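Predicted model only: the values in this text are computed from it and were never measured. In this chain, numbering begins with 1 at the start of the sequence shown. Both counts, for ligands and for their atoms, begin at 1 and track the order of listing.
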Amino acid sequence: PVALAACTSDKTDTTAVKPSDSAAPARSDGFTVVGTVKDLDTAGFIQDKNFAAGPLLVIHDATDKSKLVAVNSTCTHKGCTVEWKKDAKDFACPCHGSQFKANGSVAKGPASKPLATFIVKTEGDSVLVKSA
Ligand code: FES
């Protein structure tokens, strides 16, 4: 008897469906690692537009370098994304010129509400954030 090898060349796509690498899973205490202190020191900020609770910007507190501030970078005027201006030490919105202080409060309109903030802390070299 001749054994016929079945030619099963049906091309099953074995490409694994990768979970979105945008959102690191939150830990059981609700905190998510968003970067390292080194990243923060090097770039002056950590940005994660895909953070589960909303687009995130983490900076050093302008008045106390040992503290961190994490804000939702969505401008409270009409929803553009604010940018951290390291030299001016404020968040600036490119759309209509609103400015926010390092703690998220309004420095200049037209926005009238402060940026939303997140709870932020460090553990060793990791920067962790949790929605407030
Ligand atoms: Fe930011 Fe208008 S959307 S100032």
Side-chain angles (χ1 to χ4, degrees):
V2 177
L4 287 176
C7 184
T8 56
S9 69
D10 65 328
K11 297 213 164 143
T12 310
D13 186 3
T14 54
T15 311
V17 179
K18 238 177 76 179
S20 161
D21 50 20
S22 59
R27 304 191 317 188
S28 58
D29 61 2
F31 279 96
T32 302
V33 176
V34 296
T36 65
V37 174
K38 199 170 167 237
D39 295 338
L40 181 57
D41 289 343
T42 304
F45 62 90
I46 291 174
Q47 186 164 37
D48 184 352
K49 291 183 177 165
N50 300 311
F51 184 61
L56 169 76
L57 259 176
V58 181
I59 57 155
H60 282 289
D61 186 310
T63 54
D64 182 350
K65 278 270 185 191
S66 68
K67 287 189 192 153
L68 300 182
V69 178
V71 301
N72 183 319
S73 59
T74 306
C75 179
T76 56
H77 178 228
K78 291 198 184 290
C80 291
T81 300
V82 301
E83 292 160 9
W84 173 242
K85 301 292 180 191
K86 200 173 171 183
D87 295 335
K89 294 189 173 47
D90 65 15
F91 297 100
C93 182
C95 290
H96 315 101
S98 287
Q99 290 172 1
F100 302 85
K101 293 179 191 165
N103 64 5
S105 64
V106 176
K108 180 172 166 268
S112 58
K113 289 191 198 145
L115 297 173
T117 55
F118 299 116
I119 300 166
V120 59
K121 68 173 182 175
T122 58
E123 275 180 17
D125 189 42
S126 297
V127 177
L128 298 100
V129 177
K130 157 178 163 173
S131 58

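- Legend: residues meeting side chain to side chain donor-acceptor pair (under 3.5 Å) with S126, ordered by chain and number and at least two apart, are absent.
- Within the structure, side chain to side chain donor-acceptor pair (under 3.5 Å) pairs that include any residue of residues 105-116 comprise N103-S105 (at least two apart or interchain).
- Residue-and-atom listing of protein N/O/S atoms under 2.8 Å from atom 2 (Fe) of ligand 1, sorted by chain and number: H77 ND1, H96 ND1.
- For K67, the salt bridge (Lys or Arg N to Asp or Glu O under 4.0 Å) partners two or more places apart in sequence, or in a different chain, are D64.
- Partner of V129 under the side-chain contact (heavy atoms from CB on, under 4.5 Å) criterion, chosen from T117, I119, I46, V34: V34.
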Quick one: do L128 and E123 satisfy side-chain contact (heavy atoms from CB on, under 4.5 Å)? Show the steps, please. CA-CA 7 Å; L128 298 100; E123 275 180 17; 3.7 Å; yes
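- Around NZ of K121, the count of heavy atoms belonging to other residues, nucleotides or ligands within 6.0 Å exceeds 12.
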